[in-house]
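All values below come from the heavy atoms of this structure, side chains included, with hydrogens, waters and symmetry mates left out.
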Amino acid sequence: MTSTCPSGHESDADDYCDVCGLPIPAGGGAPAPTPEPAAPVEPAPEPEPTSSACPNCQAANPPNALFCEACGYDFTTGSMPRPVTPPSPLDLDTPVPAPAAPEPPAAPEPPAPAPSVAPRLAEAWVAEVWIDPDWYADQDSSDPLPSAGVPVVVPLRSTSVLVGRTSRSRGIHPDIDLGTDNGISRRHCQLTTDGTRWWVEDLGSSNGTYLGSAIGSLPTEPVPVGEKREVGPDERIYLGAWTRIVLRRAQPGEA
């Protein structure tokens with residue numbers, strides 16, 4: 001009967017190996033083989049985080065976020081968010097002024113009246129401007145009649161006198177301005193004189209120019225446009241809704 005030593009030699013002796021001299025275990029059998037150690041188990045990889053907490057406010061943010069969505073903390077540089085300054089009560093109460101509207105362009109200056117080129121009168125003459133209720137009643141005007149009182153005395157300076165209503169936009173500045181009578185045209189009629197006699201010429205007015213006597217009925221036929229009519233010593237000029245003009249030499253102090 002042979003025995004097997006711990007080194008695996010066959011030996012006839014049952015106490016020591018005939019080959020290597022190692023003691024043989026009791027029973028002569030070979031010891032059970034030592035089991036090989038198991039291979040180390042690889043630990044399972046940790047799952048990647050689905051969110052990261054902000055170090056400043058602890059709010060959850062995506063793992064690849066650069067700034068905290070809640071407070072603005074900078075994950076890259078670690079900078080704290082800038083504090084928000086509350087608005088001043090004065091800022092809340094004070095209304096924000098609206099932008100100033102652009103200034104409209106300045107209106108062009110009206111043309112200055114052209115100086116009269118007519119010769120000056122050698123003697124002083126005036127025009128009496130009357131409000132005539134009878135002429136007003138005959139014209140059937142819708143404008144209210146002003147109070148008829150004493151006439152307005154207008155000194156006449158030159159041998160050519162324009163009668164009408166002022167228009168600054170059109171540069172019309174009549175010598176006898178009848179702006180209160182809406183029946184008067186801007187350039188209504190022209191008065192001319194040789195120093196002794198006077199003539200009247202209608203300049204294409206809307207309501208016409210009339211010559212009438214100091215006595216008798218009111219005139220009904222206007223002076224033809226562009227025709228000069230002599231104004232007699234006792235004649236009056238009617239025009240507009242209520243205006244009557246009398247030409248005469250000036251008295252002392254009227255010129």
Side-chain angles (χ1 to χ4, degrees), residues 107 110-116 118 121 123-193 197-255:
S116 176
L121 281 169
E123 297 184 40
W125 285 76
V126 295
E128 291 182 356
V129 180
W130 292 80
I131 296 174
D132 192 324
D134 294 334
W135 180 251
Y136 172 78
D138 194 61
Q139 299 310 300
D140 193 24
S141 174
S142 59
D143 294 335
L145 177 68
S147 176
V150 296
V152 177
V153 178
V154 181
L156 304 180
R157 306 297 185 186
S158 63
T159 58
S160 180
V161 177
L162 175 64
V163 180
R165 291 195 299 142
T166 296
S167 174
R168 297 184 182 278
S169 61
R170 296 169 57 183
I172 300 175
H173 301 270
D175 301 288
I176 301 178
D177 187 0
L178 304 176
T180 59
D181 190 340
N182 290 329
I184 304 294
S185 299
R186 298 294 182 184
R187 296 174 55 88
H188 196 101
C189 64
Q190 192 86 20
L191 303 176
T192 55
T193 181
R197 298 176 299 171
W198 284 90
W199 290 266
V200 61
E201 177 186 355
D202 188 88
L203 301 178
S205 64
S206 299
N207 298 318
T209 304
Y210 298 78
L211 275 177
S213 175
I215 58 175
S217 60
L218 294 171
T220 57
E221 293 294 329
V223 175
V225 176
E227 178 182 325
K228 289 186 177 183
R229 286 280 183 90
E230 184 177 354
V231 183
D234 295 327
E235 286 189 311
R236 304 171 176 183
I237 303 171
Y238 294 88
L239 60 165
W242 56 71
T243 301
R244 182 182 78 207
I245 297 177
V246 176
L247 302 176
R248 63 173 174 82
R249 281 185 168 85
Q251 297 178 359
E254 288 183 328

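To the nearest 0.5 Å, atom SG of residue Cys189 and atom CD1 of residue Ile245 are 6.0 Å apart. The structure places CG of Asn182 at 11.5 Å from OG of Ser206, a figure rounded to the nearest 0.5 Å. To the nearest 0.5 angstrom, Leu203 atom CG is 9.0 Å from Ser185 atom OG. In this structure, the separation between CG on Leu162 and CD1 on Ile172 is 8.0 Å, given to the nearest 0.5 Å. The distance from atom OG1 of Thr193 to atom CD of Glu123, rounded to the nearest 0.5 Å, is 9.5 Å.
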>> Thr192 vs Lys228, test: side-chain contact (heavy atoms from CB on, under 4.5 Å). Steps then yes/no.
In response: CA-CA 9 Å; Thr192 55; Lys228 289 186 177 183; 3.9 Å; yes
>> Evaluate Thr243 against Ile237 for side-chain contact (heavy atoms from CB on, under 4.5 Å), listing each step before the verdict.
In response: CA-CA 8 Å; Thr243 301; Ile237 303 171; over 6 Å; no
>> Could you walk me through whether Val154 and Val126 satisfy the side-chain contact (heavy atoms from CB on, under 4.5 Å) test, starting with their C-alpha distance in whole Å, then the side-chain angles of each, then the deciding distance to 0.1 Å, before giving a yes or no?
In response: CA-CA 5 Å; Val154 181; Val126 295; over 6 Å; no
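Applying the 6.0 Å contact sphere to CD of Glu221 captures no more than 12 heavy atoms from other residues, nucleotides or ligands. Within 6.0 Å of CZ in Arg187 there are 12 or fewer heavy atoms belonging to other residues, nucleotides or ligands.
Looking only at side-chain heavy atoms (C-beta outward), Val161 and Trp198 come within less than 4.5 Å of each other. At least one side-chain heavy atom of Leu156 sits less than 4.5 Å from a side-chain heavy atom of Ile176. Within the 4.5 Å cutoff, side-chain heavy atoms of His188 are placed close to those of Leu239. In this structure, the side chains of Leu211 and Glu230 stay at 4.5 Å or more apart for every pair of heavy atoms. Using a 4.5 Å cut-off on side-chain heavy atoms (C-beta onward), Asp143 and Trp242 make contact. Put simply, the side chain of Pro224 does not reach to within 4.5 Å of the side chain of Asp202, judged on heavy atoms. Two residues are said to be in side-chain contact when any heavy atoms from C-beta on lie closer than 4.5 Å; Arg157 and Pro155 meet this criterion.
The closest donor-acceptor contact from the side chain of Arg186 to the backbone of Thr166 lies under 3.5 Å. With hydrogens and angles disregarded, no donor-acceptor distance shorter than 3.5 Å links the side chain of Asp132 to the backbone of Arg244.
Contacts of Tyr210 classified as ring-ring contact (aromatic ring centres under 6.0 Å, His included), with partners at least two apart in sequence or in another chain: Trp135.
Checking Trp199 against Glu201 by side-chain atom types alone, no donor-acceptor pair falls below 3.5 Å.
Summarising the geometry of Glu128 relative to Trp130, their closest heavy-atom pair is OE1-NE1, 3.0 Å, with the distance given to 0.1 Å. The two residues Glu227 and Arg229 have their closest heavy-atom pair at OE2-NE, 2.9 Å. The shortest non-hydrogen separation linking Ser205 to Gly208 is OG-N, 3.0 Å. Here the shortest heavy-atom pairing between Asp175 and Ser160 reads OD2-O, 4.0 Å. Minimum interatomic distance between Asp134 and Leu218 (heavy atoms only, all atoms of both residues): O-CD1, 3.6 Å.
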